[in-house]
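Okay, so here's the structure we're looking at.
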Amino acid sequence: MTLKPLINISNLSQVNSFKFIPIDYDYFDWQQRNYIRIIGRDDKGKRLCVIDSCDVYLWAILEKDIKEKEIKNIINKISTIKLDIKGRQTKVDKVEIHNKKFLDEPVKALKIFATNYKDLHDIADKLDMKGIEKRRGYDLGFETHYIIEKQILPLQWYEVSGEILNNSEKFGGIDIALDVDICIKLEKARKIEKNSADFKPKFLAYDLECDEFQIGKGEILMISLVSENLKKVITWKAKNLIKDNNLLEYVEYVKDEAELIEKFVEHVKKISPDFLVGYFSDGFDLPYMKARAEKHKIKLSLGLDNSQPRFHRGNILTGRISGIVHIDLLRFIQIAYAQYLSSETLSLNEVANELIGERKTEFKFKHSSKIEHSEWLKYFEYNLQDSVLTFKLAEKIWPDLLEFSITDEEPIFDVSRFGLSKHVESFILHNLDKYNEIPEKRPTYEEIGKRKNQLPSVGAFVFQPSPGLYEDIVFFDFTSMHTSIIVSFNLSKGTLLEKKPSGKKDKDYYESPELEFQSKKTRFYFKKQPGFFPQLCKEIFEKRKKFKAEYKQNPSPISKARSSAFKVLSASVHGYVAFFGARYHSSEASNSILAFVRQLNKQAIEKTEQAGYKVIYADTDSIAFSRAKANKQEVKDFLNNLNSQLPGIMELELEDFYKRGIWVTKRSGDLGAKKKYALLDEKDNLKIRGFETVRRDWCGLAREVQSKVIKMILEEGKNEKALNFVKEIIKKIKNRQVSLQDLIIKTQLKKPLEEYKAISPHVIAARKMLKQGMPIDAGILISYYISESSTGKKKELVRDKVKLPEEKGQYDIEYYLNRQILPAVENIFQVFNLDLKEIIDGKKQTKLGDF
DNA sequence: GACTGAACTATACC
DNA sequence: ACGGGTATAGTTCAGTC
């Protein structure tokens, strides 16, 4: 154990106040009560542990019209509750009566204090008595409950003071077992005006290499570690090489795998990071290390209290280290970042390339037994570079983690793993006190089942476009449409009225447009009195606008991260209401939101047409029209006019002006395809939506040819150049001048291989990979190409011609011509009345330009 | 065995 | 189980003749 600095007792009264920023929250029991343990830093970078406690309670909501005497009886009954469970004695400490709100309804509720948070559920079970309608507030988790109760928020600065625990017996000697600089029992905490950005987190990135991908199956060959002043690869392989080669000064040699793991732990302890960061480390690196440590019967004691990582098995494995925040960057990127990245996969290589402009080291994997002496050097470099990239990514993404943590008021460990609904829900739960609201409970398993059994909702409206080339296009879209609808019409679970209010002349309620719900036409009605949920949505909406403006005015990683945190939050609110697992789920509210979305979009279309513009396209919250001879100012005036007619906080904004745009037909029929168009803005930037160009399951050549054709056509407004270009490409394909690399098709395996009912080409390719001993898991991207028939049969399926990229073979000219290149471009030329097939086959010469 | 619509599958848009 | 519905399009499957 690391020695702790001795604190001079005589100075205690002067030093027992610290500036403190909380990073990680955990809790423990002592003498049957719960104590929170916050690990953080002071302003000098010392590691602090703050111990604190808070009231533990749940709510019992009383029946309406309950009599005072009855309440007294209930209180008396509850006050005597004592439980002896799970080796604990827990009892109700006291009971108070409060005027609260639940789902916007005023209620009388009992605040029932108990000794241990973990027992609240059992206490709630004892409250199944007459007079008590609902029991709430015992399923938040103790850390969340504590943060709400004491308002000691993650990643905000506090001035804290209290009793310093120095080799104290208190709390079972917690400070002795903990590797921190100072441990205090909190007495006072005061929020101070110090920027969260002042805190510089200490990251340590790690990555391990092994022969077998299945957890624990192979040996760990090496582990790399990178922090601000450290680059290291620990290995027990290729000892001689290291001795001979002083280039490899970052390599540290140990005698075997067990020592490798112990060395890793030693380094982590020495560096003592705030965050231990990996890439897919929840699912791979950390559990792998744990499994190998178990195999060698050694302890992976990474925690500040020397505990081993604990794993939670949810949908995916989650690895937690006591006192050090373990972050799996891939998980955070997957959930909160992916939709704003252009990378086609979320591999470390692609993501690092996009975000920090660096790639992985090239290295061709081999089993370690087959690695040549000199190749180890490359392997070490490769391993190190992975940690270098992970470290740089962590620093790059830090502002986003920080802003999510501040927004959600939840610790980084959780925030980095939250799905979209959890971000919304955390924001709601941490702001309920402003509205005196008792939290709703998580839906039960049965409730979720019921919600999932409901018929699917009808979603947004998409305008049927006419295929063609258009000029001078304007795009408007609604600002945070779903969220602003919730606010403008006060839509939520709590504000929903059971039935249409009757006999009122002036409407004092909101009425949804007519909609189809469970196969019936109906409307829903909502209170006028603003509910807490819509009011919180208003806060999200306003902050989203404000932070977006601030970012535009003053771009910085922090202002960008703040803006994008609220962007994500705002964009997820409706999904949250519609989500069956949400505490504040409401299908009535969700369906009403969608009905308003359709109505408002259609109204905008009508008004645009009434104003004399030709509407080209619209999808959900956007509308595109041709401004023809109208100048930009006239368009802006029209926008203002539209806005003046919109209800509540609804607002349309000018998305952009475009020089040209193209809409094409569907592959079958003459109708225009929805969700498929391309635009050229006034700075000559292309914006392509839905076309094969942006689809990763088309080969590179088809995508590239299509995007070039679109570019030429939009820039020139004519097709000649593009047509000649396509003819050249076709010639190249026929002459086998195209490199195989450009013909690789990539398709993701979405589920385990054996679950496929239809055996499609990518399933065949995956089976081939499996045969070669490659790890085939759901989620991986399968690469293959279509080769010439080997059997020569006429009626051969595509899958029979599948070959892996490294398999020798010749590409199938026919396939790439007729199933990749031509389909990608032919309906673009059709806009000019050109039949590409006829032109290519030379059957009929369509006159160019006679459209 | 050829043809055809349905089913299955992946991926995009908002 | 861990945000929703709308939409296009390829390939295979299964039923028909």
Side-chain angles (χ1 to χ4, degrees), chain A residues 314-316 318 331 334-336 339 344 414 417-426 442-443 445 447-449 451-452 455-465 477-478 480-482 568-583 585 587 590-591 593-594 597-598 601 617-623 655 664-669 671-677 687-698 702 745-751 755-764 781-782 786 793-795 797-802 815 818-820 823-824 827:
Chain A
N315 201 2
I316 359 178
T318 296
R331 274 183 83 172
Q334 254 170 355
I335 298 159
Q339 52 181 323
E344 275 166 26
D414 304 281
R417 292 167 175 81
F418 274 177
L420 297 175
S421 72
K422 269 285 200 175
H423 287 296
V424 177
E425 192 153 281
S426 295
R442 250 188 264 132
Y445 192 74
E447 177 63 25
I448 289 178
R451 292 177 183 182
K452 279 164 76 176
L455 294 171
S457 311
V458 181
F461 167 74
V462 187
F463 186 88
Q464 174 65 65
D477 53 31
F478 283 94
S480 300
M481 191 184 206
H482 298 74
V568 169
L569 206 59
S570 184
S572 308
V573 167
H574 169 251
Y576 174 80
V577 174
F579 173 48
F580 49 79
R583 288 170 195 257
H585 164 83
S587 50
S590 169
N591 279 284
I593 294 164
L594 292 168
V597 167
R598 292 188 293 270
N601 189 265
Y617 187 61
D619 185 349
T620 312
D621 61 351
S622 73
I623 170 165
E655 197 263 332
V664 299
T665 59
K666 290 202 274 188
R667 203 78 87 220
S668 54
L671 280 181
K674 297 172 177 180
K675 299 187 183 291
K676 213 169 173 184
Y677 57 92
K687 184 167 169 177
I688 300 181
R689 293 286 117 102
F691 274 108
E692 285 72 12
T693 298
V694 298
R695 293 183 62 97
R696 69 166 177 205
D697 56 350
W698 282 68
I745 298 165
K746 294 174 184 169
T747 312
Q748 193 185 24
L749 206 64
K750 305 285 278 187
K751 53 188 178 189
E755 281 177 26
Y756 280 87
K757 289 179 193 160
I759 309 307
S760 47
H762 80 296
V763 173
I764 292 295
L781 205 57
I782 308 289
I786 304 304
K793 266 193 246 161
K794 259 193 182 168
K795 260 294 187 193
L797 294 173
V798 177
R799 68 172 174 212
D800 295 325
K801 299 186 281 188
V802 163
Y815 178 84
N818 293 324
R819 308 267 191 113
Q820 291 277 330
N827 43 16

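Numbered from 1 within each chain, the chains take letters A, B, ... in sequence-line order.
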Is there a donor-acceptor contact under 3.5 Å linking the side chains of A:Thr620 and A:Arg598?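 Side-chain D/A pair, A:Thr620 to A:Arg598: absent.
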Over 12 foreign heavy atoms within 6.0 Å of NZ, A:Lys422: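 Incorrect, the count does not exceed 12.
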Does A:Arg451, at its CZ atom, have more than 12 non-hydrogen atoms belonging to other residues, nucleotides or ligands within less than 6.0 Å?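 Yes.
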Pick base, sugar-phosphate or nothing for A:Ile335, based on heavy-atom distances below 4.0 Å to the nucleic acid.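 The residue A:Ile335 makes no contact with any strand.
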Could you tell me whether A:Leu594 contacts a base, only the sugar-phosphate backbone, or nothing, with contacts defined as non-hydrogen atoms closer than 4.0 Å?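 The answer is nothing, as A:Leu594 stays clear of every strand by at least 4.0 Å.
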[X] side-chain N/O to [Y] backbone N/O, donor-acceptor pair under 3.5 Å:
X	Y	value
A:Asp621	A:Asp477	no
A:Arg696	A:Glu344	yes
A:Asn601	A:Val597	no

Measuring centre to centre across the rings, with the benzene-like ring taken for any Trp, is A:His762 within less than 6.0 Å of A:Tyr756?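 Yes - the distance between ring centres of A:His762 and A:Tyr756 falls below the 6.0 Å cut-off.
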Stretch residues 572-579 of chain A: residues that reach within less than 4.0 Å of DNA chain C through a heavy atom: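 Heavy-atom cutoff 4.0 Å gives A:Gly575, A:Ala578, A:Phe579.
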Let's see if you get this right: which residues in residues 456-463 of chain A place a heavy atom under 4.0 Å from DNA chain B?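 Of all residues in residues 456-463 of chain A, none places a heavy atom under 4.0 Å from DNA chain B.
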Tell me, please, which residues at least two apart from [X] pass ring pair (Phe, Tyr, Trp, His ring centres under 6.0 Å).
X	result
A:Phe580	none
A:Phe418	A:His423
A:Tyr617	A:Trp663, A:Tyr677

How far does the helix from B:dG1-C:dC17 to B:dC14-C:dG4 bend, going by the axes of its first and last five pairs, to the nearest 10°?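 That helix gives 10° between its end axes.
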Please list, chain by chain and in numerical order, all residues satisfying salt bridge (charged side-chain N to carboxylate O under 4.0 Å, His left out) with [X], sequence neighbours excluded.
X	value
A:Arg583	A:Asp139, A:Glu425
A:Lys666	none
A:Lys801	A:Asp812

Between A:Lys452 and A:Arg819, who's closer to the 5' end of DNA chain C by nearest nucleotide?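 Counting from the 5' end, the first nearest nucleotide belongs to A:Lys452.
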Nucleotide by nucleotide, nucleotides 8-14 of chain B touches protein heavy atoms under 4.0 Å in the pattern (B base, S sugar-phosphate only, - none) SSBBSBS
Under a 4.5 Å cut-off applied to non-hydrogen side-chain atoms, are A:Ile759 and A:Ile764 in contact?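 A side-chain contact exists here, since the closest heavy-atom pair is under 4.5 Å.
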Provide the start and end nucleotides, 5' to 3', of the part of DNA chain C that has atoms under 4.0 Å from heavy atoms of chain A.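 Listed 5' to 3', the contact boundaries are C:dA1 to C:dC13.
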Got a sec, which residues hit side chain to side chain contact (heavy atoms under 4.5 Å, CB included) with A:Ser572, two or more places apart in sequence or on another chain?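 Checked A:Ser572 against side chain to side chain contact (heavy atoms under 4.5 Å, CB included); matches are A:Leu420, A:Val424, A:Val568.
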